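First comes the structure, then the notes that go with it.
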Amino acid sequence: MLGYGRGFRRGLPQAELALTSLEASCSDSDKIRSDNDVGIPSSGLTGKICRIGFGRRGKVLLPGSHKVPALGATVSSDDTMSTNPQEGAKSKEGHPKELVEKEGSHKVPALGATVSSDDTISTNPQEGAKSKEGHPKELVEKEGSHKDLVEKEGSHKVPALGATVSSDDTISTNSQDGDKSKERHPKDLVEKEGSHKVPALGATVSSDDTISINPQDGNKSKERHPKDLVKKEPEKTSSLLTSRKTTQGTKGTPINLVCNYIRINSDPNKGIYVYEVRFVPNIDSKRLRRQYLNEHSVKFGGTKTFDGVILYLPILLNDELTTYVSKACDGSDIEIRILFKRKELLKDCMQFYNILFDRIMATLNYVRFDRRQFDPASSIVFPQHQLEVWPGYVTAVDEHEGGLLLCCDVSHRLLCQKTILETLLEIFRRKPKNFQETAKKALLGAAIITRYNNKTYRIDDICFEKNPLSTFTFKEGTVSFLDYYRKNYNIEIKDKNQPLLISIKKQRMPQRSQGEDIIICLIPELCYVTGLRDDIRADHKLMREIAMFTCLSPAERINALKKFYTNIDNSPESRKILSDWGLSLVQNYEKISGRQLDEERVFIDGKLVPVGPKADFSKYLVNNKLLDAIAIKNWLLIYCEKDSKAAISFCEHIRADTNSFGIIVERPQIVTINNDRIESYVNALRKNIKKETQIVVCICSTNCNDRYIAIKKKVMICGIDVYHEAVRKENSVAAFVASLNDKYTKWYSKAMIQNQKEEIISGLSCCLISALSAYRNENNFFPHNIIIYRDGVGDGQLQICEQFEIPQLEEACRRTLNHMAKITFIVVQKRINTRYFLTDGNCFQNPNPGTVVDKAITRAAFYDFFLVTQVPKQGATSPTHYIVLRDDAEFGPDIIQRLTYKLCFLYFNWPGTISVPACCQYAHKMALFIGQTLKTTPPEDLLHTLFYL
């Protein structure tokens, strides 16, 4: 079928999705308000209501609107704060990121008020002065007020009348009686469960975290117990949280689902308490520090985690400073001081909880590869192929809207029973002349495992100059590889002439921003290839056999989940690890609710056709005309003389088959070459391609990737995703693709070459400026809304992406537009472990395309949702995770979720849905093509074509 394979396209037609139904499918309250509709509700003023906010739900205050709320301000539940100052004054807005939200409304306390759990502090100075407010964590900041604060080392001022807050979060006060200023860091303010008392003017905070108040009337100072210093975990764990009604959609049919999450209950009397351990005199050795501390571990419960300085306990000790004494080797006393620091908030415990589950999997005799755990005892062996599959799990603990949950998904590891040495010997027998070059080409970049320690490495080089008799410097001196393995692993290396494998790993170094390369030499005789090799992928029969064990149905995945928590419950050691830290697993999978979006309709040949429950519209493409058919009048056909019959058959079929699409295909310019060498194709392309050439078709007698690369490179030199080259460790490629018309059939693509393994893009401003210019040339006006789907960003990079990439887009809009376009920025995550299934009693099946989940298992700190767009023929479907970092246009969840689903229909090369929006797939294809083949930026005349498909 024309347009659904490899080839050179210019302006080829594409089916249009009925995007016009998007507006009709949403209520009036979901639609975008124009700038004239923006108003601020306040007492005594008129205007339409417009929600303005920031953070988790993607709303941002307009520039310059970060005002400090006046006395008496009322914050409503829709994240908008309006104030009603004295008569005639204008209303002011507060930034909700610095305000702790409370259901209903928040009244700013007046003079001398005790601050309750909503953490808002206001002071009321003497008559005639304006009221000022401060947040105990970071205080509301006015624009331009970041210069007024000086922080003195070791001293902290208590906020009082006349306090000025700078950007370093230190509060200084200036008393009227001329006393010297005193400082207090807001984090060190003593918090009491339920309410927070602001220290009065003149309060002094001592270094042991006890507050004494010395009022003017001579009353006695009051002190608080160190247990009161423990912060109570807030109900909402992120300052980015906003009203729930802005994050969860309502469109579609509610359905019941189950997911691969297990609830974790926590004991309210336990937690993670952080202590600092000091030794007097100082002990440098970590081994001795642990040894001396372990002598007293029974006194503080026995359960601990200690890294040499910081001690984590599940209980709170009675005293803020606990002291023990140990005896050194020479009989001298070693004093151990354990100083209480804080109780970790739930959101800060995730890494620790994940480490606990690593320990639990170790007690169950699972082997860790990267972030996954596998069970060697349950391996599945394929003896005829010398392969085995290890089943296992990948787990992750995180705080979700539904509480503390453990995500557990099934994983498998494929291992080869043949060693690298055996592979090298096979290569040598086949090609002894070019043995070294052939061996490197076959093995470089391969993932390997060493069975003696179950660690994985990547082959970066093969050193033929060294062998197991070569020596290296060890902590015990110089030793040969032969002696090292004999002494440390009791392994006798047989082949003493084999070369060594080189693996380079990054090791983090203290006080250095970049890691240091560590060169590791490995013995081929002890290494095994792991993962799917190219020759295994090419064997379709073998792949089907492997898929029978690795592609599990929904019911099989639920059974594997049951087996997981049953194994933990049956292990006393595993249960003890959890109970020691106040945790327990609910012995059941999590049940959630989702929504099935309405069935989509595709606009084909002047009519709307339904796509059905499986979202497949391929049958309508066969006998219907395309939306915007373009005649193919000037195209080139290149083939060898021996392939002339195939060329004639191709021409006959393409002209006959494209008539039903409404595409007129003229006779091609035929170029015949004498042989199928790469040079022959390249020379024919150079001589015959002209500027008006629309498509080039090259018929190749064999499937040779090198030939295909050479053809694409010479003819078509030319979308937000980033490609990283792992094998050859070359530069990364960032691709940017933008739509140019309202039918989403024309695209502008631009690529940038980046440094190796660099994910965050530094040239987005240039890309968007070029795309905006192309959009105006196509439509004679600039866009008002820009919706960006950013693929490839992990959870750890979200903040960097928000702070570094989005400002580049804003800068491009300022430089190009005469107005600020509204930016919606959505991060797309495909490689996730979340799975959810339709349930009917004990029957589980894959959800239909369009199934969306935006609560319970979504992140507590994000505006996010999960969306299923495809149904696999085998195994379980994998949803895609979308995180809305910004939504200036305030589309709301219903519009964003529906639009995202619609965009998954628009990929040119597939008559159905794909797992991500089409713009992401175009960007992925472009980055992959340039990174693997082109290795340079494409010329301008190709940027308006999908040349990389």
Side-chain angles (χ1 to χ4, degrees), residues 1 3-7 372 374 378-392 409-420 422-423 426-427 430 438 441-449 528-557 560 614-616 618-619 643 646 649-650 653 676 698-709 711-712 726-727 830-831 835 846 869-878 907-916 921 924-925 928-929 932-933 949:
M1 185 181 294
Y4 287 84
R6 291 173 171 173
R372 302 167 186 265
F374 298 95
S378 304
S379 63
I380 305 163
V381 181
F382 300 88
Q384 67 274 26
H385 302 287
Q386 292 185 299
L387 296 173
E388 61 179 304
V389 175
W390 288 8
D409 191 28
V410 179
S411 182
H412 295 86
R413 189 84 181 186
L414 181 67
L415 293 92
C416 183
Q417 294 180 329
K418 184 170 59 177
T419 66
I420 297 294
E422 293 176 274
T423 303
E426 288 180 2
I427 295 174
R430 290 199 310 264
T438 307
K441 187 175 181 180
L443 293 176
L444 290 191
I448 58 175
I449 180 176
Y528 300 82
V529 175
T530 179
L532 288 173
R533 306 190 307 270
D534 291 339
D535 59 322
I536 297 177
R537 295 180 188 273
D539 191 337
H540 300 296
K541 182 180 179 181
L542 176 58
M543 289 296 293
R544 285 194 296 269
E545 292 181 26
I546 296 174
M548 292 176 60
F549 299 96
T550 59
C551 294
L552 304 183
S553 67
E556 290 172 327
R557 286 183 178 267
K614 304 302 181 183
D616 182 11
S618 58
K619 61 182 180 181
D643 296 321
S649 177
F650 174 76
H653 282 86
D676 63 351
C698 296
I699 298 178
C700 303
S701 56
T702 58
N703 184 16
C704 180
N705 191 55
D706 291 339
R707 185 186 300 115
Y708 175 69
I709 289 174
I711 294 170
K712 297 277 279 189
V727 178
K830 304 186 297 289
R831 298 176 181 176
R835 303 288 187 273
N846 284 316
T869 59
Q870 293 178 303
V871 174
K873 294 181 179 180
Q874 186 179 12
T877 186
S878 176
Y907 182 56
F908 193 88
N909 270 6
W910 185 250
T913 54
I914 58 176
S915 61
V916 295
Q921 187 68 5
H924 168 74
K925 286 287 188 180
L928 181 68
F929 171 66
Q932 289 186 346
T933 305
L949 294 184

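These numbers come from a predicted model, not from an experiment.
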What's the verdict on side chain to side chain contact (heavy atoms under 4.5 Å, CB included) for Glu388 and Ile380, showing C-alpha distance, side-chain angles and the deciding distance?
-> CA-CA 5 Å; Glu388 61 179 304; Ile380 305 163; over 6 Å; no

[X] versus [Y], closest heavy-atom pair with distance:
X      : Y      : result
Ala547 : Gln874 : O-NE2, 3.6 Å
Leu542 : Ile536 : CD2-CG2, 3.8 Å
Gln417 : Leu387 : OE1-N, 4.1 Å
Gly875 : Asn846 : O-ND2, 3.1 Å

Inter-residue atom distance [X].[atom1] - [Y].[atom2], 0.5 Å rounding:
X      : Y      : atom1 : atom2 : answer
Cys416 : Tyr528 : SG    : OH    : 9.5 Å
Gln386 : Leu415 : CD    : CG    : 13.0 Å
Cys698 : Asp643 : SG    : CG    : 11.5 Å
Tyr907 : Ser915 : OH    : OG    : 10.5 Å
His412 : Thr550 : NE2   : OG1   : 6.0 Å
Met543 : Met548 : CE    : CE    : 14.0 Å

Report yes if the side chains of [X] and [Y] come closer than 4.5 Å at any heavy-atom pair, otherwise no.
X      : Y      : answer
Val389 : Phe549 : no
Ile546 : Phe382 : yes
Thr877 : Val871 : no
Thr530 : Arg413 : yes
Lys614 : Gln870 : no
Phe374 : Ser411 : yes

Exercise for review: May I ask you to decide whether Asp539 forms a salt bridge with Lys541, counting only side-chain N to carboxylate O separations under 4.0 Å?
Suggested key: no

(message) Is there a side chain to side chain contact (heavy atoms under 4.5 Å, CB included) between Gln384 and Glu545? Walk through the geometry before answering.
(response) CA-CA 12 Å; Gln384 67 274 26; Glu545 292 181 26; 3.7 Å; yes

Is a donor on one side and an acceptor on the other found under 3.5 Å between the side chain of [X] and the backbone of [Y]?
X      : Y      : answer
Glu556 : Ser553 : yes
Asp409 : Arg557 : no
Asp616 : Gly912 : no
Glu422 : Thr419 : yes

Go through it in stages, so that I can follow the logic: the residues are Thr869 and Ile914, the test is side chain to side chain contact (heavy atoms under 4.5 Å, CB included), and I'd like the CA-CA distance, side-chain angles, deciding distance and then a yes or no. CA-CA 7 Å; Thr869 59; Ile914 58 176; over 6 Å; no

